[in-house]
Amino acid sequence: MNQQLSEIKATLGICFLDFRDDTLLEKFLSELGFTVNALSANRLSNGFGNKVDLILAEDAFARRNTETLLKLKEQRKGLFGFLPVLILENRQVRESVWLERGFDDVLRMPVAKDLLKSRIDLWLRRTVESQMHLRHLVENTGVGLYRVDKGGKVLFANPELCRLLGFPTIPDLEQAPPGEQYFSKENRSLLFNRQMAQNGRVSSLESLWTRADGEVITLLENAHEVRENGRLLYIEGSLENITAVKKLQHIITEERDRYDFILNKLPIGLTVMDEYETYTYINPKSIALDEFSGDVEKLLGANVRSNHPKNILHELDALLKKMKSGKLEHFERYAYRKNKILHISYHAIRDNDNSYKGLIRLVSDVTQEKNAETELKRSKNRWEATFNAISDWVSLVDLETHRILQTNRAGGEFFNCPHKDIQGQKCYNLVHNSDEPLEGCPIEKMKLSKEKESMEFYDPLYHRWLQITVDPIVDEQGKVKSAVHIAKDITAWKKNEENAALLLEQQEIVNQLSLEIGNAESLQDIFPLIKREIGVLVHSPALFISLYDRKKKLITPVYINIEGEESDVSAFPPLRLEAEGRGVQSQVIRTGKSLILNDWQKAVRNTEMHYNIKSDGKIEKISSQAVLKDIPQSGMVIPMKSERQVFGIFMIQSMKPYTYSNEDCNFLEGVANVTAVAVQNLKLVSDLDKQLKELKAAHLNLQRLLSEKEVLLK
């Protein structure tokens with residue numbers, strides 16, 4: 001450093017108004033070993049001051065040429081170093097006045113030779129240090145620095161400029177011919193010269209440059225002219241590679257434009273507010289929906305309270321307070337604007353430290369959605385009402401798991417539980433009480449056929465017949481994802497079907513019986529036929545057939561068959577017709593209506609006399625007060641009628657309780673009607689035969705009398 005300083009050959013500029021003082025100082029400085037240039041104000045303004053390393057200015061000169069001196073200092077702050085200006089003060093003026101104006105030091109005149117030399121050496125040392133520091137910055141900066149003549153030839157370039165333009169060394173760059181070969185199609189020279197002509201400098205000029213290797217880059221350029229006596233000496237400037245920045249800006253611009261486009265086209269209103277409660281972004285839809293007053297530009301930066309009705313400001317303040325404190329992150333509400341229903345939601349914005357940075361306000365017109373939602377609820381209610389009104393059990397079943405996803409109320413009635421308890425259960429667990437699908441399961445069959453499948457089965461737990469129908473639900477890709485499972489109770493239909501078959505069989509038996517008993521010659525021939533045909537369809541271990549004499553009011557048994565054994569009824573005494581309300585046979589005879597007695601003990605409780613037929617066929621009278629053993633549990637009593645008058649009865653009994661049904665009763669009534677006709681016919685035949693015999697006997701008596709009278713006459 002000392003060696004560098006000792007090698008300095010400094011040129012000092014002295015500026016005095018008085019030529020004599022100027023000359024004396026020049027001589028004085030020369031004696032100290034410095035090269036001296038006496039500078040006038042005119043020479044300074046012409047740029048000659050660029051050739052000196054330090055300026056000594058007399059105070060009067062400095063006051064008159066302050067702007068010129070400071071401008072010269074400002075120019076020297078750039079690429080080529082530091083220019084100190086020392087004020088030689090002849091008057092008693094505070095040093096701070098000069099220092100505040102921008103000058104570097106003040107020396108009081110007269111000044112000793114040694115002091116002046118030491119002070120000049122100090123500032124020269126600082127100049128050298130400044131130059132060395134500047135050289136280091138120039139050589140290591142990330143900005144390309146250059147000096148070119150008016151023809152564009154490179155006079156100076158730093159290493160970064162070589163790297164920017166793709167040259168291996170500074171000499172290679174300096175020897176390159178000047179011209180447009182560095183620039184792309186964009187006319188950089190035109191823009192450069194235009195700015196330089198207008199302002200004497202170029203500021204922030206962006207242009208495309210072609211490197212020596214052919215790569216095109218974007219450079220940011222700043223430059224200024226250096227002149228002396230109005231003559232252009234050279235141009236100094238800097239180039240900064242902003243290619244990456246421009247690409248990033250381009251990306252950011254594209255992204256911003258894209259997001260701005262998206263946000264401006266959003267069907268919802270979007271408003272962003274900062275932590276100071278001012279609008280920072282408002283998209284057009286927000287203006288349209290929320291009916292802000294004014295355009296977006298005027299609203300940006302405005303306080304949020306300026307666009308809220310006064311009657312809700314207290315609510316807004318409470319909301320902002322909660323969001324700022326962190327007690328609330330999200331809030332939403334509905335508002336009504338001129339027949340529109342708006343959904344408004346607020347969302348807090350927080351940074352990585354969870355500090356409140358503002359909020360986002362979203363506004364959407366949900367009028368149609370709300371109306372649709374209302375209509376959907378109505379439709380849903382109507383659909384559920386219809387769905388639940390269906391008496392069949394209808395459910396939605398998942399194909400993979402067989403789980404019931406949804407069910408109507410009939411499902412609960414099917415299983416005597418709340419219908420919601422059915423949801424989630426597996427259908428084969430619920431319906432079949434099984435741990436896996438049954439063989440022939442319609443769901444499993446439907447998975448293969450992808451068509452409607454059904455099955456019928458008897459449910460022994462609930463004693464009913466069910467018809468299961470499964471319809472596939474197909475998605476847009478044609479895959480079956482679920483199924484509508486319909487269970488219908490067909491017990492009544494099955495019973496009707498069975499009843500129809502039974503009625504047909506009963507009718508066939510009645511028809512067959514009609515043919516057979518039509519050929520019978522006596523009542524004793526008819527009754528075994530009746531016993532045989534009744535036993536085909538009706539459980540009848542005991543059959544009693546009695547005839548009723550209306551004149552004598554007696555009930556006479558004419559046929560008894562117990563467990564296939566016929567009893568002799570000749571010894572069985574006739575039973576008198578009991579009082580009204582007593583005796584099962586007497587009730588049927590009085591009312592003409594059949595009785596089904598599934599609680600025989602209760603039915604015969606009011607009967608005055610009972611008859612028990614023993615195993616040997618003998619008849620035993622039993623009092624109604626006696627304890628009856630082995631009494632039948634159920635039975636039926638069917639009237640035989642002619643011309644609406646009961647003239648006999650069928651009675652069957654069983655030791656089993658609740659044995660007989662209405663179908664059994666209807667069948668026996670049909671048999672009784674056929675039997676009644678046959679009995680009446682046989683009775684008529686019997687009466688005619690009796691009359692014929694009586695006529696024959698009378699005829700024989702008459703013949704005998706006539707024969708006896710003829711003998712007497714003779």
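Everything numeric in this text was worked out from a predicted model, so none of it was measured.
Shown here for Ser654 and Pro541, the closest heavy-atom pair between the two residues is CA-CG, 4.0 Å. The minimum heavy-atom distance between Glu578 and Arg590, with the atom names listed, is O-NH2, 2.8 Å. Smallest separation of non-hydrogen atoms from Pro472 and Lys452: CD-N, 4.0 Å. In plain terms, the two heavy atoms of Tyr559 and Lys531 that are nearest each other are OH-CB, 3.9 Å. Of all non-hydrogen atoms in Arg550 and Val646, the two that sit nearest each other are NH1-O, 3.8 Å. Nearest approach of Leu319 to Leu328, heavy atoms of both residues: CD1-CD2, 3.4 Å.
Side-chain atoms of Asp459 never come within 3.5 Å of backbone atoms of His463 as a donor-acceptor pair (strictly under, hydrogens ignored).
The line from NZ of Lys340 to OG of Ser364 is 11.5 Å long, rounded to the nearest 0.5 Å. Here the CG-CD distance, from Leu577 to Gln585, works out to 10.0 Å after rounding to the nearest 0.5 Å. In this structure, CG in Leu359 is found 6.0 Å from CG in Leu320, a value given to the nearest 0.5 Å. Note: Ile638 CD1 to Met651 CE = 11.0 Å, rounded to the nearest 0.5 Å. Atom CD1 of Ile486 and atom CD1 of Ile468 lie 10.0 Å apart (nearest 0.5 Å). Distance CZ/Phe457 to NE2/His432: 4.5 Å, rounded to 0.5 Å.
With a 4.5 Å cut-off on side-chain heavy atoms, Arg333 and Tyr346 count as touching. In this structure, the side chains of Lys488 and Trp393 stay at 4.5 Å or more apart for every pair of heavy atoms. Contact of the Asp549 side chain with the Thr556 side chain is not registered, since no non-hydrogen atoms from C-beta on lie closer than 4.5 Å. Met640 places a side-chain heavy atom less than 4.5 Å from the side chain of Ile545. You'll find the side chain of Arg576 stays beyond 4.5 Å of the side chain of Lys553, heavy atoms only. Between Glu444 and His402 there is a side-chain heavy-atom pair separated by less than 4.5 Å. With a 4.5 Å cut-off on side-chain heavy atoms, Asn666 and Glu669 count as touching. Using a 4.5 Å heavy-atom cutoff, the side chains of Ser594 and Met636 are not in contact.
For NZ of Lys447, the number of neighbouring non-hydrogen atoms (other residues, nucleotides, ligands) closer than 6.0 Å is greater than 12. More than 12 heavy atoms of other residues, nucleotides or ligands shown are found within 6.0 angstrom of CD on Glu332. The 12-atom threshold is not exceeded at NZ of Lys641, counting heavy atoms of other residues, nucleotides or ligands nearer than 6.0 Å.
Remark: Tyr660 engages no residue in a side-chain hydrogen bond (donor to acceptor under 3.5 Å, both in side chains) (not counting sequence neighbours). Take Phe647 and apply the ring pair (Phe, Tyr, Trp, His ring centres under 6.0 Å) test, not counting sequence neighbours, and it matches no residue.
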Exercise for the section: Please step through side chain to side chain contact (heavy atoms under 4.5 Å, CB included) for the pair Asp664 and Ile652, ending with a clear verdict. Expected result: CA-CA 11 Å; Asp664 298 330; Ile652 60 174; over 6 Å; no
Exercise for the section: Report the C-alpha separation of Tyr334 and Ile344 in whole Å, then their side-chain angles, then the decisive distance to 0.1 Å, and conclude whether the side chain to side chain contact (heavy atoms under 4.5 Å, CB included) test is met. Expected result: CA-CA 6 Å; Tyr334 289 95; Ile344 303 176; over 6 Å; no
Practice task
Evaluate the criterion side chain to side chain contact (heavy atoms under 4.5 Å, CB included) for residue pair Leu270 and Leu362; output intermediate values, then yes/no.
Solution key: CA-CA 5 Å; Leu270 173 62; Leu362 301 176; 3.4 Å; yes
Practice task
Before giving the answer on side chain to side chain contact (heavy atoms under 4.5 Å, CB included), spell out for Gln423 and Ser395 the whole-Å C-alpha distance, their side-chain angles and the decisive distance to 0.1 Å.
Solution key: CA-CA 9 Å; Gln423 292 179 189; Ser395 59; over 6 Å; no
Output a table of donor-acceptor pairs, distance under 3.5 Å, between side-chain atoms of residues 434-442 and any protein atom two or more places apart or on a different chain; print 'none' if there are none.
{"from": "Ser434", "atom 1": "OG", "to": "Glu436", "atom 2": "N", "distance (Å)": "3.2"}
{"from": "Ser434", "atom 1": "OG", "to": "Glu436", "atom 2": "O", "distance (Å)": "2.7"}

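Between Arg403 and Asp398 there is no salt bridge, since none of the side-chain N atoms of the basic residue sits less than 4.0 Å from a carboxylate O of the acidic one.
The side-chain contact (heavy atoms from CB on, under 4.5 Å) with Tyr548 is formed by just one residue from the set Leu575, Leu554, Ile555, Ile649; it is Ile555.
Judged purely by distance below 3.5 Å, without hydrogens or angles, the side chains of His539 and Thr659 never pair a donor atom with an acceptor atom. Between the side chains of His347 and Ser345, at least one donor-acceptor pair of N or O atoms lies under 3.5 Å.
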